[in-house]
Amino acid sequence: MKILVTGGAGFIGSHVVDAYLAAGHAVVVVDSLTSGRREVLNPRALFVELDIRDPALREVFERERPEVVNHHAAQAAVPASVADPVHDADVNIMGTLHLLELCREFGVRRFVFASTGGAIYGEPERLPADETHPTRPLSPYGISKMTGEHYVRCYGTAMTWAILRYANVYGPRQDPHGEAGVVAIFAHAMLAGHRPTIFGDGTQSRDFVYVQDVARANVLAAESDASGLANIASGEETSINDLYRRLAELTGFREPPVYGARRPGDVYRIALDPRRAEEWLGWTAEIGLSEGLRRTVDAFRR
Ligand code: NAD
């Protein structure tokens, strides 16, 4: 199949591109390189440097005629969405809508949307949160992703769709200089001998899922014909203090963290129920946290 991947030069998108190519698909990447990097782009993919909001995207659809569109391009950081919600909405809502309109015009068969399980449910009523949990996002980012989901479903008469609600994705190629991506930020700081900052007291928790598991979910989601929505997660709750200890051990870092103020927009606890992804796509996370962190630290060392 020919698959157009937006955000294919980013952290998760670049692994998704690798997985599609390995599965024998042809890939076209559209990425503005806002946070993505040319170095992580698979040379076997055709690359178009373009903003998803740019009217010139129509020419890419006209020329390439993708059968499937996989949408990863986004303003992807919660703090940045709090600082500039208008920009967040412009990229994540208007950008997604522009893409969906082109999919309808050019008869795209299937749309795969990277959504968030970490930011869409809000402070959870129950853990792990399943897909029927109420969505009460605490941040503009959570709202823009939720709105994207509504639009995707709305285009369900024109194409089949898959919405993947990721937990906290981590692994090689994650940007250690951004505001999001706690594993990359901690690992990078520890390897450089700097004390990382924990925002809050470190008892807050997240559900961590390894990026190659996420890429595999995207292959299954593109190859299926059934429309559906599922969490892509480990189902396990890990505290930030525990994550810190594990990474300190792997990197040989001996100093305690710096504790800072909690950040607005962040949920306190979250873990996602991954069972629906298994029923729908036959997907479960295969790489546990210890192994995933070891691989990530090894990659950052290199
Ligand atoms: P990332 O910033 O590494 O990737 C985003 C990519 O989109 C970058 O390559 C960037 O250059 C590109 N991009 C941004 N704005 C664009 C625009 N207007 N036009 C074209 N390209 C643009 O972030 P990531 O962590 O790899 O996230 C990828 C996707 O997964 C996002 O949609 C994000 O919301 C979603 N997601 C990520 C996580 C996570 O834990 N990292 C969790 C849930 C959902």
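Every value quoted in this text rests on a predicted model; they were computed, and no experiment measured them. Counting starts at 1 for both ligands and their atoms, in listed order. In what follows, residues are counted from 1 in the order of the sequence shown.
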Exercise for review: In sequence, state the C-alpha distance, the side-chain angles, and the governing distance for R104 and E101, and then conclude on salt bridge (charged side-chain N to carboxylate O under 4.0 Å, His left out).
Suggested key: CA-CA 5 Å; R104 180 167 67 161; E101 270 298 278; 2.7 Å; yes
Practice item. Answer yes or no: is there an ion pair linking D298 with R295, defined by an N-O contact shorter than 4.0 Å? Key: no
Check your understanding: Would you call D90 and R53 a salt bridge, taking side-chain N to carboxylate O under 4.0 Å as the test?
Key ->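 Yes, D90 and R53 are salt-bridged.
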**Study point:** Distance-only polar pair, side chains of N70 and N218, donor-acceptor under 3.5 Å
**Key:**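 Per modelled atom types, N70 and N218 side chains form a pair under 3.5 Å.
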Atom pairs and distances, ligand 1 N/O vs protein N/O under 3.5 Å:
{"residue": "ligand 1", "atom": "2 (O)", "partner": "S35", "partner atom": "OG", "Å": "2.6"}
{"residue": "ligand 1", "atom": "3 (O)", "partner": "F11", "partner atom": "N", "Å": "2.9"}
{"residue": "ligand 1", "atom": "9 (O)", "partner": "G10", "partner atom": "N", "Å": "3.1"}
{"residue": "ligand 1", "atom": "9 (O)", "partner": "D31", "partner atom": "OD1", "Å": "3.2"}
{"residue": "ligand 1", "atom": "9 (O)", "partner": "D31", "partner atom": "OD2", "Å": "2.5"}
{"residue": "ligand 1", "atom": "9 (O)", "partner": "G36", "partner atom": "N", "Å": "3.3"}
{"residue": "ligand 1", "atom": "11 (O)", "partner": "D31", "partner atom": "OD1", "Å": "2.7"}
{"residue": "ligand 1", "atom": "11 (O)", "partner": "T34", "partner atom": "N", "Å": "3.0"}
{"residue": "ligand 1", "atom": "11 (O)", "partner": "S35", "partner atom": "N", "Å": "3.0"}
{"residue": "ligand 1", "atom": "11 (O)", "partner": "G36", "partner atom": "N", "Å": "2.9"}
{"residue": "ligand 1", "atom": "18 (N)", "partner": "D51", "partner atom": "OD1", "Å": "3.1"}
{"residue": "ligand 1", "atom": "18 (N)", "partner": "D51", "partner atom": "OD2", "Å": "3.2"}
{"residue": "ligand 1", "atom": "19 (N)", "partner": "I52", "partner atom": "N", "Å": "2.9"}
{"residue": "ligand 1", "atom": "21 (N)", "partner": "S32", "partner atom": "N", "Å": "3.1"}
{"residue": "ligand 1", "atom": "21 (N)", "partner": "S32", "partner atom": "OG", "Å": "3.2"}
{"residue": "ligand 1", "atom": "26 (O)", "partner": "F11", "partner atom": "N", "Å": "3.4"}
{"residue": "ligand 1", "atom": "26 (O)", "partner": "I12", "partner atom": "N", "Å": "2.8"}
{"residue": "ligand 1", "atom": "32 (O)", "partner": "H72", "partner atom": "O", "Å": "2.9"}
{"residue": "ligand 1", "atom": "32 (O)", "partner": "K145", "partner atom": "NZ", "Å": "2.8"}
{"residue": "ligand 1", "atom": "34 (O)", "partner": "Y141", "partner atom": "OH", "Å": "2.6"}
{"residue": "ligand 1", "atom": "34 (O)", "partner": "K145", "partner atom": "NZ", "Å": "3.2"}
{"residue": "ligand 1", "atom": "40 (O)", "partner": "V169", "partner atom": "N", "Å": "2.9"}

**Study point:** Within the 6.0 Å centroid threshold, strictly below: H177 and H188
**Key:**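 Between H177 and H188, the centre distance is under 6.0 Å.
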Check your understanding: Among all residues two or more places apart in sequence or in another chain, which pass the ring-ring contact (aromatic ring centres under 6.0 Å, His included) test with F113?
Key ->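 F113 satisfies ring-ring contact (aromatic ring centres under 6.0 Å, His included) with H71 once adjacent residues are dropped.
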